[in-house]
Amino acid sequence: MKSYSAFYIGIAIVVSSVLAGCGQPGALYLPKPPAAKPAPAKGPLEPAPVPPPPVIVPVT
């Protein structure tokens, strides 16, 4: 008889812990998708400036 009561108490503990650990209380919802970033303005692309070549100083 004692083992049956221990079994039922164990089941009650497991069920209550599962129900208590459900996470956020209240209604479940899907998160809103992130806002779309505006597309960059399409205009003529200017090439990046080319740096001058390094100056080589001869060793004397």
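Sequence positions, counted from 1, serve as the residue numbers for this chain. Note that these values count all heavy atoms, side chains included, but never hydrogens, waters or copies made by symmetry.
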Side-chain heavy atoms under 4.5 Å apart, restricted to Ile/Leu/Val/Met/Phe/Trp/Tyr: what other residues fall into the cluster of Val55, or is it alone?
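Val57, listed by chain and number.
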How is the hydrophobic cluster of Val50 composed, in terms of its other members, when Ile, Leu, Val, Met, Phe, Trp and Tyr link through side-chain heavy atoms under 4.5 Å apart, directly or indirectly?
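Its cluster partners, ordered by chain and number, are none at all.
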Honestly curious: do Val15 and Tyr4 fall in one hydrophobic cluster under the side-chain, below-4.5 Å linking rule?
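Per the 4.5 Å side-chain linkage, Val15 and Tyr4 are co-clustered.
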